[in-house]
Amino acid sequence: MNFFNRKTVWKNAEFIPFKLCIATAYILLGAYFQQFVKRHYFVFIIAFVITVIWTMYLWISKMKKDKTNRL
């Protein structure tokens, strides 16, 4: 079964529960490992900034691609 190779299309409204699930898991882990998070706070901020930039780049490039395909 090629579960990870399947292509699906998600709308933003359908993706919200998944995002909330991941966010609550991060909050719970951060509360449980409070000292670890405090020691590595700067590393987490750097990883967050890099992934936000990466995600925005992928999202904008996908939107531009979809816009040119519609014309």
Side-chain angles (χ1 to χ4, degrees):
M1 197 157 121
N2 293 327
F3 180 75
F4 294 109
N5 293 334
R6 291 188 181 187
K7 302 285 182 186
T8 59
V9 177
W10 290 70
K11 296 178 182 166
N12 286 337
E14 295 170 339
F15 208 52
I16 290 173
F18 178 70
K19 290 179 183 179
L20 288 173
C21 174
I22 297 298
T24 53
Y26 288 151
I27 291 170
L28 290 173
L29 286 172
Y32 189 75
F33 296 106
Q34 186 177 12
Q35 293 300 320
F36 178 78
V37 172
K38 282 183 181 179
R39 278 185 267 144
H40 298 92
Y41 192 67
F42 187 70
V43 175
F44 289 128
I45 289 175
I46 296 295
F48 172 74
V49 169
I50 290 171
T51 55
V52 164
I53 292 169
W54 187 8
T55 304
M56 294 304 293
Y57 170 76
L58 291 173
W59 184 17
I60 291 170
S61 64
K62 180 180 170 137
M63 290 181 67
K64 284 182 180 179
K65 185 177 133 184
D66 288 345
K67 187 176 182 180
T68 58
N69 287 344
R70 290 182 190 174
L71 297 176

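In this chain, residues are counted from 1 in sequence order.
Lys64 is linked by a side-chain contact (heavy atoms from CB on, under 4.5 Å) to Ile60, counting only residues two or more places apart in sequence or in another chain. Scanning for side-chain contact (heavy atoms from CB on, under 4.5 Å) contacts around Met56 gives Val52, Trp59, with sequence neighbours left out. Leu28 pairs by the side-chain contact (heavy atoms from CB on, under 4.5 Å) definition with nothing, not counting sequence neighbours.
For the atom pair CD1 of Ile46 and OG1 of Thr51, the computed distance is 11.0 Å after rounding to the nearest 0.5 Å.
Through direct or relayed side-chain contacts under 4.5 Å between Ile, Leu, Val, Met, Phe, Trp and Tyr, Trp54 connects to Tyr57, Leu58. Under the 4.5 angstrom side-chain criterion for Ile, Leu, Val, Met, Phe, Trp and Tyr, the cluster partners of Ile16 are Leu20. Summarising the hydrophobic clusters (Ile, Leu, Val, Met, Phe, Trp, Tyr; side-chain heavy atoms under 4.5 Å, direct or chained), the residues clustered with Leu29 are Tyr32, Phe33, Phe36, Val37, Phe44.
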